[in-house]
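A note on names: the letters A, B, ... follow the listed sequences, proteins ahead of strands, and every chain is numbered from 1.
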Amino acid sequence: MAEPYLSASAMRGGYGKADILNGCTLTVDQGQIAVIVGPNGAGKSTAMKAVFGMLNLREGAVKLGGEDITRLTPQERVHKGMGFVPQTHNIFPTMTVEENLEMGAFIRTDDYRETIEQVYHLFPAVADKRKQNAGELSGGQRQQVAVGRALMTKPRLLMLDEPTAGVSPIVMDELFDRIIEVARTGISILMVEQNARQALEIADIGYVLVQGANRYTDSGKALMADPEVRRTFLGG
Amino acid sequence: MIQVHDLHRHFGGFRAVDGASLTIETGSITGLIGPNGAGKSTLFNVIAGVLPPTSGRVIMDGEDITGLQPHQLFHKGLLRTFQLAHEFSSMTVRENLMMVPGAQTGEGLMNTWFRRGRIREEERALRKKADEVLEFLTITHVADEKAGNLSGGQKKLLELGRTMMVDAKIVFLDEVGAGVNRTLLGTIGDAIVRLNKERGYTFCVIEHDMDFIGRLCDPVIVMAQGKVLAQGSASSIMQNEAVIEAYLGTGLKNKVAAEVAEEANFGESHGAQPGLGAEAGQGGDGKPAGDL
Amino acid sequence: EDIKLGISLGLTGPLESIAPAIQKGAELAMKEVTDSGKLLDGSKIAPVAADNTCVDAAASVAAVERLVTSEGVKGIMGGMCSGETIASLEKVGVPNGVVMISPSATSPALSTIDDKGFFFRTAPSDARQGEVMADIALSRGVKSVAVTYTNNDYGKGLADSFANAYKAKGGTVTIVAGHDDGKADYSAEVAALAAAGGDALVVAGYADQGGSGVIQGSLDTGAFETFVLPDGMVNDVLVTKFGTALETSFGQNPSAEGDGHDKFAELAKAAGFDGTSAYSGEAYDAAALIMLAMQAAKTSDPKVYKDKVMEVAIAPGEKIYPGELAKALELIAAGQDVDYVGATAVELVEPGESAGVYREVDFKGGKLNVIGFR
Amino acid sequence: MSNTRQADAHGRWRAPIVFLLIAALFMLEGTTRNALFSGSWNSALAILNMGLISAVMALGVNMQWGYAGLFNTGVVGFLALGALGPVLVSTAPVQGAWSAGGLRVLLALAVGLGTLALATQVWKRVKAPLSFILIPLVLLVGCVLYRFLFDPAVMAIEANNSASAGNIGGLGLPVLLSWPVGALFAAAAAWGVGKVALGLRSDYLAIATLGIGEIIVAVLRNEEWLARGVKNMSGIPRPVPYELDLQNNAGFVAKAAAWGMDPATASAIWVKLLYAGLFGTVLLGLILLAELALKSPWGRMMRAIRDNETAAAAMGKNIKGRHLQIFVIGSAVIGLAGAMMVTLDGLLSPGGFNPLRYTFLVWVMVIVGGSGNNWGSVLGAVLIWFLWIKAEVWGPELMNLVTMPLPEGALRQHLLDSAPHMRFVAMGLTLLLVLRFAPRGLVPEK
Amino acid sequence: MDFLNALVAILNFVVIPAAAYGAQLALGALGVTLIYGILRFSNFAHGDTMAFGTGLVILVTWGLQALGISLGPLPVALLALPIGIALCSAFVLGTDRVVYRFYRKKKSDSIIMVMASVGVMFVMNGLTRLLIGVDEIRFDDGARFLISVQDFKAWTGLTEGLALRLSQALTLVVTALCCWALFRFLNKSRSGKAMRAYADNEDLALLSGIDPERIVRLTWIIATALAVTAGTLYGLDKSFKAFNYFQILLPIFAAAIVGGLGSPIGAVAGGFIVAFSEVAVTYPWKKIATYLGFQPEGLLQLLSTEYKFAVSFVILIVVLLFRPTGLFRGKAY
Ligand SMILES: Nc1ncnc2c1ncn2[C@@H]1O[C@H](COP(=O)(O)OP(=O)(O)OP(=O)(O)O)[C@@H](O)[C@H]1O
Ligand SMILES: Nc1ncnc2c1ncn2[C@@H]1O[C@H](COP(=O)(O)OP(=O)(O)OP(=O)(O)O)[C@@H](O)[C@H]1O
Ligand SMILES: [Mg+2]
Ligand SMILES: [Mg+2]
């Protein structure tokens with residue numbers, strides 16, 4: 001098999017002295033959906049940040065499309081085609097919904113109006129609020145704006161940290177639906193999910209992260225089928 | 001018992017809560033669900049005194065509590081958590097818990113100079129209690145970490161943990177489950193049931209995880225566009241057409257099924273994979289989980 | 001002997017723009033004496049400047065403390081503003097027995113302060129100037145005035161004494177309003193003064209501070225054309241700034257009957273600074289007095305020479321003008337009496353402050369013209 | 001955030017190290033004579049005394065900002081109110097002032113306050129359309145009545161011996177008694193201000209308090225009947241002996257001789273030591289109380305409130321009440337410092353109360369020292385005060401150094417002439433350097 | 001009853017001076033508010049940036065005058081302004097590089113940045129004085145009045161005169177232009193939106209591909225341009241004096257805050273509120289009353305001018321009590 005599109009190998013690092021990541025490895029192929037699950041505080045978000053260059057790695061390397069990007073700044077990674085929705089603080093609160101989406105398209109030079117319409121179509125609830133400041137939205141609406149912003153980037157690798165937290169079931173369905181669609185177009189998806197069963201359902205590859213290290217790695221289906229994994233990590 | 005009478009809360013011209021009336025019975029675990037932006041959190045904020053209502057009244061055990069300050073409500077036994085975690089970020093996790101109980105001797109300025117002994121004793125007891133809560137929430141290892149450094153889910157747990165530090169009459173939980181590991185959420189659900197049964201706490205829970213709602217709550221109130229759309233037992237709600245259309249949707253299952261029909265990759269395992277909802281229904285307390 | 005003399009001024013702070021000329025004035029006198037080589041058998045005077053910020057009593061005390069206890073100065077030309085002067089005098093000057101002669105602190109409080117004979121000032125007394133100014137104004141037919149003053153003890157004291165004298169002599173004061181120096185804008189003051197009205201505007205302020213700001217505003221809006229200007233305002237800065245716009249204005253400042261003032265201005269010009277700037281002449285005189293008193297006491301010990309300060313400053317004796325310090329030193333050494341007149345017609349009265357002779361000036365033709373003396 | 005652990009490791013040694021550093025600076029100032037230090041104990045002690053007072057101010061600001069996150073930039077105002085204490089309590093009574101109009105002034109002030117109280121009551125009790133008429137009416141009537149009583153009384157007082165008095169004078173009580181009174185003045189004002197303004201957030205509170213500070217100072221400057229306004233109030237009594245008395249005291253002179261000092265120096269040093277003892281005692285007492293409070297649940301609650309008001313309110317903490325409490329206490333401490341300051345200066349000079357010196361410099365002290373940490377702000381205060389004073393010398397020295405290589409000429413002369421202004425540059429540079437190497441303060445909050 | 005004279009008197013003594021002063025404050029407040037909004041701290045060095053920049057403009061002006069350049073009725077300083085802005089921006093960017101960037105990278109509390117700006121303020125304070133001294137400097141050439149009192153009286157025959165200085169008119173026009181341009185820039189242009197995004201959520205701005213350092217530079221340059229423009233106009237209108245520029249800082253902050261920190265329109269409104277309250281509240285209405293046919297005994301002055309600053313603050317506090325984040329809903333970090 002050729003080298004995967006994204007490969008983050010043996011990452012080790014953290015915020016202070018203690019390491020949060022202890023040799024965590026993540027890979028995603030072109031058009032694949034990879035899902036990370038694990039207990040709270042396992043280091044999932046930290047791993048995402050590490051992949052995006054928002055955390056200094058002590059060890060390990062991140063490669064994108066065969067190119068070593070370990071030393072690049074987050075902003076340079078954006079230009080390499082990576083998009084990221086953080087778990088918290090993922091909107092611009094005093095800018096309108098529309099401006100939030102425009103900011104998603106900041107590095108695009110083509111006409112992005114169509115993409116905006118697509119996002120509105122996907123999230124009709126926020127479409128009604130396009131002229132409202134994003135900070136005034138409800139929790140779930142914010143989440144939708146955040147995901148919408150990332151979609152605006154038209155990235156080649158889309159990283160989502162718990163995109164469905166606080167989102168109502170109907171929208172969550174839509175969202176997963178859309179993610180599959182996006183993946184179809186050849187975009188790689190790396191996401192963290194606590195709604196793990198739904199997420200693993202659509203995942204090509206699943207990672208169970210515990211204390212900053214890979215505990216289980218398998219296809220989504222296989223992980224779902226593993227009773228041990230289900231009991232300890234997926235809530236029965 | 002909390003009674004909400006024809007409550008309105010408007011933001012400019014927008015009616016976030018638009019004439020909601022509902023009752024939370026003492027001793028119940030009431031679920032509050034509804035689409036994003038339905039006005040659930042706003043309703044909570046009005047009840048908890050964070051936002052003044054545009055009109056309407058809130059009655060708690062026969063007493064009108066409309067417009068009381070949050071700290072006054074706290075002392076009446078009304079606690080709440082925040083949807084977006086509001087931790088005290090520069091304090092340690094343990095301190096976050098220890099600061100919660102009201103009426104601490106050490107909170108009087110004079111006492112800090114003249115009643116040191118008593119304070120020391122109280123502190124010891126508080127610390128013990130905090131450690132128990134931490135243990136329960138599986139975050140003992142970060143007890144001395146600044147709360148601001150917690151992971152998203154851990155903050156959510158801390159949010160819940162604070163309500164466990166005091167004896168409350170009624171607790172409002174705003175999406176405690178979002179971002180919390182599902183296994184742990186199960187445990188939390190157990191704890192809520194236990195607090196409800198053993199200590200007689202009343203709960204009002206906002207949550208989008210229907211497994212959780214289905215397992216815990218009776219009754220369930222559905223809000224949409226600032227109004228109460230439906231009310232009833234979890235199972236009846238989940239079969240309610242209006243609720244399905246506005247909130248639940250027809251379920252991921254069907255769509256995935258449609259997808260897999262085309263995709264060979266997915267095709268194989270589909271048969272082995274029962275619907276998510278059915279799973280949850282069995283995993284819970286046996287109530288049918290409806291369409292999901 | 002090398003004698004150090006302190007110069008304590010607000011080199012930074014609200015009056016920082018008039019401080020340099022004061023410092024130069026004092027240094028000019030010191031240089032003159034040093035160059036003459038006639039002080040106490042060829043002693044040299046070394047000036048040591050300290051920045052007292054003018055407004056911060058604590059900083060001023062610290063600065064003067066340094067001059068006295070560390071530099072070991074034998075006398076101080078300063079302080080500059082009254083509050084700060086009182087503090088440093090009470091806390092450093094008097095306890096350590098060092099003579100302080102202020103060129104510019106005019107607060108009446110300094111007249112009654114328990115200075116143990118260590119404090120003098122060459123600045124004019126506000127009370128007297130108020131009288132003189134009222135006389136001049138009335139004699140020119142100005143029957144009603146608005147008064148604005150810089151909001152400190154100098155301005156306030158002068159404004160009060162003027163207003164009282166003027167009213168007593170039959171004039172009308174329409175308004176007495178303060179202005180703060182160094183403020184961004186004086187429209188409010190000008191508006192208030194204009195609304196109150198009057199034949200002329202009395203500006204008890206400083207020429208390069210708020211005073212000229214108020215004049216500027218009044219001229220621009222046509223509120224007043226005639227200004228009555230006391231010592232803080234009467235100098236060449238004002239003339240260069242407003243030129244012929246002051247055609248009808250007049251004023252007075254303390255000056256010797258004779259050419260002391262002009263002589264000093266010449267000396268200053270030669271030394272490269274503006275001798276007409278406020279208190280520059282007073283500073284020259286203050287420094288000169290210290291050195292002449294030393295000569296008279298035959299010692300640089302302030303505890304001794306403090307008693308000679310009054311003696312050299314008043315008649316009888318040969319009159320001494322700026323630039324004649326060498327002559328004065330010779331005379332004193334020869335045991336003869338001198339009457340120091342200096343740049344500002346110093347005439348010290350008990351308890352050690354200037355009585356002041358005032359010269360009346362006007363600004364016809366865009367120049368500062370001396371009319372007469374009072 | 002990532003450096004918290006590191007800071008903890010050094011944490012316990014930070015305060016002693018900074019303390020030693022400051023002590024060393026003072027030793028140098030007292031003993032060595034060179035371009036940088038004066039080598040005079042008198043000078044060193046003079047700086048120390050004001051440093052101790054600054055430390056009290058900084059402690060007050062730290063209570064408000066460091067404990068509760070209240071951005072009070074009206075420090076100068078509360079300081080000025082405290083400074084009023086010694087004037088009204090301990091200066092000699094002015095003959096005839098009270099009979100001229102003292103009581104009428106008090107009455108007028110009571111009327112003024114009553115009017116405000118009535119107006120607020122109307123505002124609270126009466127409904128909208130009616131109150132729009134009533135409130136201005138109440139205010140107008142009150143104002144007219146107030147002016148009617150106040151103006152002639154003030155005129156009478158100010159006319160009473162206006163050159164050297166013109167104020168209502170003091171009570172002639174011991175000056176130490178006036179310190180708590182000064183604190184009380186500031187506290188009372190803070191209570192009123194707090195009631196009105198504490199609802200405002202951060203920078204808005206800052207500008208409101210800045211304004212209030214300016215207003216208080218404006219009152220002090222312009223109300224001559226109160227404390228002579230800009231004409232300054234001098235001759236405030238001392239709690240310690242006068243140097244000249246000591247110099248005339250045979251016993252003291254003998255003792256000084258035994259120590260090998262001349263009487264003038266010895267007396268000056270002795271007086272300063274006495275002051276230092278007084279101020280030091282007050283300071284240490286305050287620190288003790290503050291530390292006890294901060295290290296208990298009260299302190300924890302305060303930090304919680306500072307951290308997240310919404311959550312703290314939801315956890316039953318009365319934000320407004322606590323804010324008011326700490327605002328009043330902090331202001332009282334600042335007022336106490338004000339009273340101590342005029343006692344030390346022997347002078348109340350309202351013209352000198354400018355916000356740069358008494359508000360922002362104190363803020364610099366707190367932040368450089370380490371906000372939230374009592375020891376930090378106290379040490380920061382002494383250090384910054386030391387630098388502020390020494391910048392007067394160090395600035396021009398710096399200029400000498402800079403211009404050394406320049407050829408003689410107009411440029412060099414211009415620079416040398418401007419040397420006093422290097423005071424600011426020197427102060428700015430030291431401030432920037434300290435902040436650079438201790439960005440969270442010299443002794444950061446743990 | 002002499003309505004026209006009353007009107008002219010008010011225009012001449014209250015409206016025109018207050019409007020010009022208000023505009024000067026507004027320009028300064030725009031810069032303060034911009035830095036607050038985007039870099040999240042109150043920049044105490046702003047007043048001294050104005051002074052320093054104006055000092056540079058004056059030096060350039062002198063140079064141009066020495067070359068014999070003149071703009072006819074307009075002051076040469078306008079020509080020197082861009083050069084002054086460029087030089088001052090370079091300096092300010094330098095301070096950002098050596099001072100503020102460090103704290104930005106460390107994500108220090110904004111109060112630390114404020115204190116650092118106090119340090120910068122001191123340094124600039126000294127440098128300005130070294131550069132150009134402490135004396136008052138007049139550097140306006142060209143025409144002084146658009147309408148002078150004498151001319152006005154001659155034209156209209158009224159007893160009250162009216163004066164409009166060129167510098168006042170210039171100030172008003174330039175302020176209006178700056179305000180409009182800034183507003184357009186922030187709300188419509190890509191860079192402007194990026195600046196607001198950065199202000200809102202720095203990390204997320206990074207994730208959107210916005211170069212934070214570029215934003216910071218842009219902010220400083222715009223704020224400096226505003227500061228130098230404000231300083232120059234102020235200097236042309238009054239005179240240049242280093243100390244005054246520090247004193248003007250307080251009213252500028254007051255203006256920025258009463259309007260709502262971070263809000264450009266707020267800054268402008270705030271500037272006018274502060275200016276008008278200073279002038280109008282202490283204005284004695286006696287003369288106006290006399291023109292309108294009353295014969296008042298006193299001056300009809302609400303408060304004496306010594307309290308003018310206090311008055312403007314009282315108004316400010318009252319505004320804040322009813323609108324706790326300023327007239328135009330500023331931010332509160
Ligand atoms: N401060 C505000 N200003 C304007 N609109 C607001 C404000 N706060 C909330 N809203 C609007 O009110 C509506 C209800 O918000 P609320 O947070 O109560 O929703 P919710 O039911 O809790 O949704 P979610 O499930 O997403 O948390 C939303 O449409 C939101 O945009
Ligand atoms: N800024 C930080 N500084 C120090 N420690 C941190 C910081 N952020 C996270 N941590 C710690 O790192 C660990 C992993 O955090 P992370 O956010 O990666 O968890 P997570 O797996 O995403 O959990 P969750 O599911 O709750 O979001 C946690 O123990 C947390 O306390
Ligand atoms: Mg996470
Ligand atoms: Mg919600």
Inset, instruction - Give, for atom CZ of Arg300(D) and atom CG of Leu126(B), the distance between the pair rounded to the nearest 0.5 Å. - result: 6.0 Å

Inset, instruction - Please list all pairs passing the salt bridge (Lys or Arg N to Asp or Glu O under 4.0 Å) test where one or both residues lie in residues 313-336 of chain D, with sequence neighbours left out. - result: Glu107(B)-Lys317(D)

Legend entry - Met98(B), part contacting chain D, at a heavy-atom distance under 4.5 Å: both

Legend entry - Side chain, backbone, both or neither of Leu294(D) within contact of chain B (heavy atoms, under 4.5 Å): neither

Inset, instruction - Mark yes or no for whether Trp298(D), through its side chain, and Thr112(B), through its backbone, hold a donor-acceptor pair below 3.5 Å. - result: no

Inset, instruction - Scan residues 53-68 of chain D for pairs that pass side chain to side chain donor-acceptor pair (under 3.5 Å), counting only residues two or more places apart or in two chains. - result: Asn62(D)-Asn374(D), Asn62(D)-Ser377(D), Gln64(D)-Asn72(D), Gln64(D)-Ser331(D), Tyr67(D)-Asn374(D)

Inset, instruction - Using a 4.5 Å cut-off on heavy atoms from C-beta on, say whether the side chain of Glu95(B) contacts that of Arg303(D). - result: yes

Legend entry - Flag if over 12 foreign heavy atoms under 6.0 Å of CH2, Trp123(D): no

Legend entry - Distance, nearest 0.5 Å, that separates CZ of Arg115(B) from OG of Ser296(D): 13.0 Å

Legend entry - Segment of Glu123(B) engaging chain D (4.5 angstrom heavy-atom cut-off): side chain

Inset, instruction - Give me the contact list for residues 52-78 of chain B versus chain D, heavy atoms only, anything under 4.5 Å, ordered by residue number. - result: Pro70(B), His71(B), Phe74(B), His75(B)

Inset, instruction - Could you check if a side-chain atom of Arg306(D) sits within less than 4.5 angstrom of a side-chain atom of Met91(B), using non-hydrogen atoms only? - result: no

Legend entry - Minimum-distance pair of heavy atoms, taken over all atoms of Ile119(B) and Pro297(D): CG2-CD, 3.6 Å

Inset, instruction - Considering only heavy atoms and a distance below 4.5 Å, find which of Ile305(D), Leu289(D), Thr310(D) pairs most often with chain B. - result: Leu289(D)

Inset, instruction - Examine whether an atom of Arg116(B) lies under 4.5 Å from a heavy atom of chain D, and if so say whether it belongs to the side chain, the backbone or both; otherwise answer neither. - result: side chain

Legend entry - Partner residues of Ala311(D) under the side-chain contact (heavy atoms from CB on, under 4.5 Å) criterion, sequence neighbours left out: Phe82(B), His86(B), Phe88(B), Arg162(B), Asn308(D)

